[in-house]
> 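Have a look at this one before I ask anything.
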Amino acid sequence: MENFSVTYRHCYSSLFLHQSHRRYLLNHSSACFSLDIKHASFESKPTSVSLEPSSSSWDFNPLNELNGCKNLISVKATHARMMKLFDRFELEYIAKCLITRYLEFGDFGYATTVFFLGFPRNQVSWRDFLERTENFGVEKYRVLGEFVQLQNKGVNFDEVVLAMVLRICAVLMYRLLGLTIHGNLIKRGLDNSDTRVVSALMGFYGRCVSLDLANKIFDEMPKRDDLTWNEIVMVNLRSGNWEKAVKLFRVMQFSGAKAYDSTMVKLLQVCSNKEGFAQGRQIHGYVLRLGFESNVSMCNSLIVMYSRNGKLESSRKVFNSMKDRNLSSWNSIVSSYTKLGYVDDAMGLLDEMETCGLKPDIVTWNSLLSGYASKALSRYAIAVLKRMQISGLNPNTSSISSLLQAVAEPRLLKLGKAIHGYVIRNQLWYDVYVETTLIDMYIKTGYLPYARMVFDMMYEKNIVAWNSLISGLSYTGLLKEAEALISRMEKEGIKPDAVTWNSLVSGYATWGKTEKALAVAGKMKKNGVEPNVVSWTAILSGCSKNRNFGNGLKVFMKMQEEGVSPNSATISSLLRILGCLSLLYSGKEVHSFCLKNNLIHDAHVATALVDMYAKSGDLQSAAEIFWGIKNKPLASWNCMIMGYAMFRRGEEGIAVFNAMLEAGIEPDVITFTSVLSVCKNSGLVREGWKYFDLMRSHYGVIPTIEHCSCMVELLGRSGYLDEAWDFIQTMPLKPDATIWGAFLSSCKIHRDLELAEIAWKRLQVLEPHNSANYMMMINLYSNLNRWEDVEHIRNSMSNNRVRVQDLWSWIQIDQMVHIFYAEGKAHPDEGEIYFELYKLVSEMKKSGYVPDTRCIHQNVSESEKEKLLMGHTEKLAMTYGLIKKKGIAPIRVVKNTNLCSDCHTVAKYISVLRNREIVLQEGARVHHFRDGKCSCNDSW
DNA sequence: ATAGGGTTAG
């Protein structure tokens, strides 16, 4: 290990040579080798420009020869012949021609070499060279080096040369040299009206000194032309001051100056990131007005601008309208599709592209890879990789980061390691993206030590690397270690940013420590980082994950007090909480908020709305939203199926499942939990078996304890107690408390004392503190009139200090939630409620209602039992709803435990007598009463 | 220097 890490580090240092130095070495050595200019002098004497070469003295005319060259190879051959015949280029114009030809065929390295080694440089040649090579990737460091040498020898350059050198200084961040040149310009009396010099100065100041000074230079100019206008807009864009840039752009249009293509392309780029979409659209209009639509780069930028603002259709429109398209155009539209999640459509574009005779390049493939990676579709990502390799392209650092992202889950560790191997073999580890995704991959696959190793070996740890490890530790619950790492990074001089703090916040929040998470949010504020939407959403989602719903609502209110506005993620978390609390009316408010704020098209939000409506007992609204989602994500199907399960609408639930398969969506673990719940709640035994088998054989989903528990309950409740027993004996997982609980509840329904007592024995060991199990036994014994056993269970309950679960029901009226407890605090309007309830009961009795006292498990007289029956919390809540809620809206009551059969009957009567729909929710199931019938068909 | 691909927090 020790050795390995040493070589690793060694390779790093050689790879971390400054990129331009590397390029310098590379070009320089190859140029010397192939040109064989061993004796070429760097100290060439200036020669006066002579006349045409006399043809008599040469049997080959280099100028004619060069001009006749059709490709790079023949230029090189001519060059070599010249080198053999002459020691060096005596004549400037031959060198110039050589440079021109090299530049024409795109070999900047040779062009530069010829310039530096081949002929004497004076002002004129400098100027000529710089003009020709401006905007090309020539070797700027060498140019500056030569400039300084000549300047030191006393060569005096004119303004145009200085302007160009200033531009190079700006790009290379040579602050001192640039300032010296400015000084010289001032000394010799800088002419403010020379726009070439002044715009170069603005560019230099904007990049290397300060934006304000650049703007000041602009303000003090006596006259401005296209060049200076475009320059100042560009300077502001580069410095990120896009508001000022947009303002200047408007004034510029007003003043009649003409915008360059490049300025508008850059402007579009900025508009695609920020809230500058309106401006982006205006520029689109400007483009159309001025007839720029034939400019390919401009259209490509427009495609990207629209897609980054989520307007895929507009992107496509621009793409379709283009007369000429290059590879970048295709890549732009491909990335538009992948970034917005339509990777399959992007794959379709690949074929279209090939019919147009264009071959996808590495960028195209990487775009597709990243699309699948961000959706965690590892199989598809790997398929893309294979196609890419078949086409002769090898993955680069960009491909590797995507691939690593795709395989970042425990079951794909082997693949992750293989990719790590590839990275090492091909020396791709110098790239920070590769390193950080490696860290992240090892964290998500549960290999923390490996993540640490990659981190420790990093040559230069950037903030993302620190954050990756910190988030990994927080995610795993190693919060002390995460805090220690934060102090360490502070010691090493790296200031934690919002992501660092948020990682810690979310760590505490997901591990159920809301208070601690809030404290960290306060701490980050003290450290000068304001808690943002993500911080708040992390805490909110922590509350929701830990079923800490009340706190969640408080956190949401606090967030609003702090003036942080919610986004789609916040809303999704909030909706989950509201759904779990069945706060339908608050959920509806959030729904309208989504409509107002254009969040309704967000797939996560829509899914959360489906879930909220289903959980709050409004299945119809859930279904309406569900069918309105354009590209339904897997989760939304799962929620919808679960919704039908809760309402016991088996046929419809299975129909949705089939529709999902037809849509080509592959079901996952949760889908099958939902489908089996549908079967369980609707008593569909045959279907249950079918899907349980299908799940394993066809979809490779390994049964979880939830699936097994569904099967036990399905078989048991349907009366197949022996089959349920056999299932438990042969199931692939060790039966836990949920399994035995499900079995016991079935035994209770079918009054099978013998099997119930076996289950009860197991439960006393597995779950001795769950009052629900005790209640089931009390229920069973009392139904068999075995009051001694009832007493026995009650005693063991108090001996084990098991608290009887609180029983309550609630109803939401306007903004208030009214809770009715079985014991303890009475409702302030209790008198009025009982008055109405007794009135209802006497009406019901006239219609044939007989109180069902079987659910009173106390050994008391019948009339006493009837009285107890009237005190059931759901009856009180329903009655209160009838009193307070006028109109025709359904009465919605939520109960925290199961309904009793008498309340079920009463609800049916009320639905007829008061002509009102009633929705009664008991934990994970819903009863919907209408016209004297219940959606469950009385089977539960 | 103008268009296309990648990393961390919910």
Side-chain angles (χ1 to χ4, degrees), chain A residues 134-137 167 171 203 234 237-238 260-269 272 295-305 307 325-336 338-339 360-371 373-374 388 395-406 408 431-441 443 462-472 474-475 496-507 509-510 517 524 529 531-542 544-545 566-573 604:
Chain A
E134 203 189 5
N135 296 337
F136 293 118
R167 285 194 183 279
V171 174
M234 201 61 130
L237 284 174
R238 266 200 297 264
Y260 294 166
D261 303 9
S262 53
T263 311
M264 283 166 47
V265 169
K266 183 85 186 172
L267 204 59
L268 278 175
Q269 231 186 317
S272 53
N295 183 319
V296 182
S297 314
M298 190 85 73
C299 293
N300 294 348
S301 315
L302 279 170
I303 292 172
V304 175
M305 188 272 291
S307 75
R325 298 182 190 117
N326 58 17
L327 195 53
S328 273
S329 321
W330 284 94
N331 285 340
S332 301
I333 193 76
V334 166
S335 101
S336 302
T338 56
K339 282 262 169 66
D361 70 348
I362 188 110
V363 176
T364 327
W365 293 114
N366 284 346
S367 199
L368 294 162
L369 271 181
S370 81
S374 60
M388 168 177 161
N396 62 8
T397 51
S398 204
S399 338
I400 293 296
S401 345
S402 291
L403 280 168
L404 283 170
Q405 212 191 342
D431 184 280
V432 280
Y433 288 93
V434 169
E435 287 176 311
T436 44
T437 36
L438 266 175
I439 294 173
D440 193 52
M441 184 273 289
I443 284 164
N462 64 2
I463 186 132
V464 182
W466 284 96
N467 288 346
S468 298
L469 197 59
I470 288 165
S471 86
S474 310
Y475 178 80
D497 66 357
V499 180
T500 320
W501 291 115
N502 282 343
S503 301
L504 193 63
V505 165
S506 104
T510 42
M524 71 189 272
V529 186
N532 58 17
V533 212
V534 181
S535 332
W536 286 104
T537 308
I539 304 174
L540 193 67
S541 119
S544 119
K545 271 181 208 148
N567 63 16
S568 60
T570 324
I571 292 300
S572 305
S573 272
H604 294 282

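Just the heavy atoms: all of them, side chains too, but no hydrogens, waters or symmetry mates, feed the values below. Numbers restart at 1 for each chain; the letters A, B, ... are given by sequence-line order, proteins then strands.
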> So, does the side chain of T436(A) form a donor-acceptor pair with the base of dT7(B) at under 3.5 Å?
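Side chain to base: pair found, below 3.5 Å.
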> Ignoring hydrogens and angles, does a donor from either the side chain of S402(A) or the base of dG6(B) sit under 3.5 Å from an acceptor on the other?
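No such pair is found, so the answer is no.
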> Of the nucleotides dA3(B), dG6(B), dG4(B), which one has an atom closest to the side chain of S297(A)?
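Selected nucleotide (nearest to the side chain): dA3(B).
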> Under the 3.5 Å rule, do the base of dG6(B) and the side chain of D431(A) count as making a donor-acceptor pair?
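Check passes, donor-acceptor contact within cut-off.
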> Just checking R238(A): base, sugar-phosphate only, or nothing, at a heavy-atom cut-off of under 4.0 Å?
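Since only primed, P, OP1 and OP2 atoms lie under 4.0 Å of R238(A), the category is sugar-phosphate.
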> Regarding dA9(B), can its base be found pairing with the side chain of D497(A) as donor and acceptor, where the two atoms are less than 3.5 Å apart?
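Looking at the base of dA9(B), it does not pair with any donor or acceptor on the side chain of D497(A) (distance under 3.5 Å).
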> Heavy atoms only, 4.0 Å cut-off, all strands: where does N295(A) land among base, sugar-phosphate and nothing?
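Counting heavy atoms under 4.0 Å across all strands, no contact is made by N295(A).
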> Establish whether the base of dG5(B) is bridged to the side chain of N396(A) by a donor-acceptor pair shorter than 3.5 Å.
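Such a pair is found, so the answer is yes.
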> Roughly how far apart are M298(A) CE and M264(A) CE, rounded to 0.5 Å?
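Separation between the atoms: 4.0 Å.
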> Phosphate oxygens OP1/OP2 of dA3(B): is one of them under 4.0 Å from a side-chain N or O of Q269(A)?
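Checking Q269(A) against dA3(B): at least one side-chain N or O falls below 4.0 Å of OP1 or OP2.
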> Using a 4.0 Å heavy-atom cut-off across all strands, classify T397(A) as base, sugar-phosphate, or nothing.
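Base: the residue T397(A), judged by heavy atoms under 4.0 Å, touches a nucleobase.
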> Record whether the side chain of S367(A) comes under 3.5 Å of the base of dG5(B) through a donor-acceptor pair of N or O atoms.
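Per atom types, no contact qualifies.
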> Take atom OH of Y433(A) and atom C1' of dG6(B), then tell me their distance rounded to the nearest Å.
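Nearest whole value for this atom pair: 6 Å.
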> To the side chain of S332(A), which of dG4(B), dA9(B), dT2(B) is closest?
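The nucleotide sitting nearest to the side chain is dG4(B).
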> I want to check one thing: is the phosphate of dG5(B), taken as OP1 and OP2, less than 4.0 Å away from some side-chain N or O of K339(A)?
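Affirmative; the distance criterion is met.
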> May I ask you to check whether over 12 heavy atoms, not counting those of Y475(A), lie within 6.0 Å of atom OH?
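Open.
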> Does dT7(B) have OP1 or OP2 under 4.0 Å away from a side-chain N or O of Q405(A)?
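Yes, Q405(A) has a side-chain N/O under 4.0 Å of OP1/OP2 on dT7(B).
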> Which nucleotide wins on minimum distance to the side chain of L327(A), given the candidates dG10(B), dG5(B), dG4(B)?
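Comparing dG10(B), dG5(B), dG4(B) against the side chain of L327(A), the answer is dG4(B).
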> Take the protein atom CG of N532(A) and the nucleotide atom C1' of dA9(B), then report the distance between them rounded to whole Å.
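In whole Å, dA9(B) C1' and N532(A) CG are 8 Å from each other.
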> Between the base of dG4(B) and the side chain of D361(A), is there any donor-acceptor pair under 3.5 Å?
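Such a pair is found, so the answer is yes.
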> Residues two or more places apart in sequence or in another chain: which of them pass side-chain contact (heavy atoms from CB on, under 4.5 Å) with S503(A)?
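Applying side-chain contact (heavy atoms from CB on, under 4.5 Å) to S503(A) gives I470(A), S471(A), S474(A), V499(A).
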> Checking contacts here: which listed nucleotide (dT2(B), dG6(B), dA9(B)) is nearest the side-chain heavy atoms of S471(A)?
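Looking only at side-chain atoms, S471(A) lies closest to dA9(B).
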> Take the protein atom CD1 of I333(A) and the nucleotide atom P of dG5(B), then report the distance between them rounded to whole Å.
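Distance check: I333(A) CD1 to dG5(B) P gives 12 Å.
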> How many whole angstroms separate atom CG of N502(A) from atom C1' of dT7(B)?
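It is 16 Å, rounded to the nearest whole Å.
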> Go through the steps for D361(A) and T364(A) under the test side chain to side chain donor-acceptor pair (under 3.5 Å), then give the verdict.
CA-CA 5 Å; D361(A) 70 348; T364(A) 327; 2.8 Å; yes
> Return no unless some side-chain N or O of S335(A) is found under 4.0 Å from OP1 or OP2 of dG5(B).
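Answer is yes, contact under 4.0 Å.
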> What is the separation between atom CD1 on I303(A) and atom C1' on dT2(B), rounded to the nearest whole Å?
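Taking CD1 of I303(A) and C1' of dT2(B), I get 14 Å after rounding.
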> Does a donor on one side chain and an acceptor on the other come within less than 3.5 Å for D497(A) and T500(A)?
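T500(A) and D497(A) do have a side-chain donor-acceptor pair below 3.5 Å.
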> Ignoring the backbone of S506(A), work out which of dG10(B), dG6(B), dG4(B) is nearest its side chain.
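The answer is dG10(B), which lies nearest to the side chain.
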> For a quick check of understanding: with a heavy-atom distance under 4.0 Å over all strands, which category does M388(A) fall into, base, sugar-phosphate or nothing?
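The answer is nothing, as M388(A) stays clear of every strand by at least 4.0 Å.
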> Can you tell me the distance, in whole Å, between the CD1 atom of I443(A) and the C1' atom of dA9(B)?
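Checked: the CD1 to C1' distance equals 12 Å.
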> Any non-hydrogen side-chain atom of I571(A) less than 4.5 Å from a side-chain atom of H604(A)?
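No. Closest side-chain heavy atoms not under 4.5 Å.
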> At less than 3.5 Å, do the side-chain atoms of N331(A) and the base atoms of dG5(B) form a donor-acceptor pair?
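Looking at the base of dG5(B), it does not pair with any donor or acceptor on the side chain of N331(A) (distance under 3.5 Å).
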> Please determine, for the side chain of N300(A), which listed nucleotide (dG6(B), dA3(B), dA1(B)) has the closest atom?
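It is dA3(B).
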> Using whole Å, what does the distance between atom C1' of nucleotide dG10(B) and atom CH2 of W536(A) come to?
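One finds 14 Å between C1' of dG10(B) and CH2 of W536(A), rounded.
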> Mind checking if I362(A) touches a base, just sugar-phosphate, or nothing, with heavy atoms under 4.0 Å?
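Base contact.
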> Taking any heavy-atom pair under 4.0 Å as a contact, classify V265(A): base, sugar-phosphate, or nothing.
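Sugar-phosphate contact only - V265(A) comes under 4.0 Å of backbone atoms but never of a base.
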> Is any side-chain heavy atom of D440(A) closer than 4.5 Å to one of L404(A)?
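With C-beta onward as the side chain, the pair stays apart.
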> So V304(A), base contact, sugar-phosphate only, or nothing? Heavy-atom distance under 4.0 Å.
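Sugar-phosphate, no base atom in range.
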> Could you state the atom-to-atom distance from CG of L504(A) to P of dG10(B) in whole Å?
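Taking CG of L504(A) and P of dG10(B), I get 12 Å after rounding.
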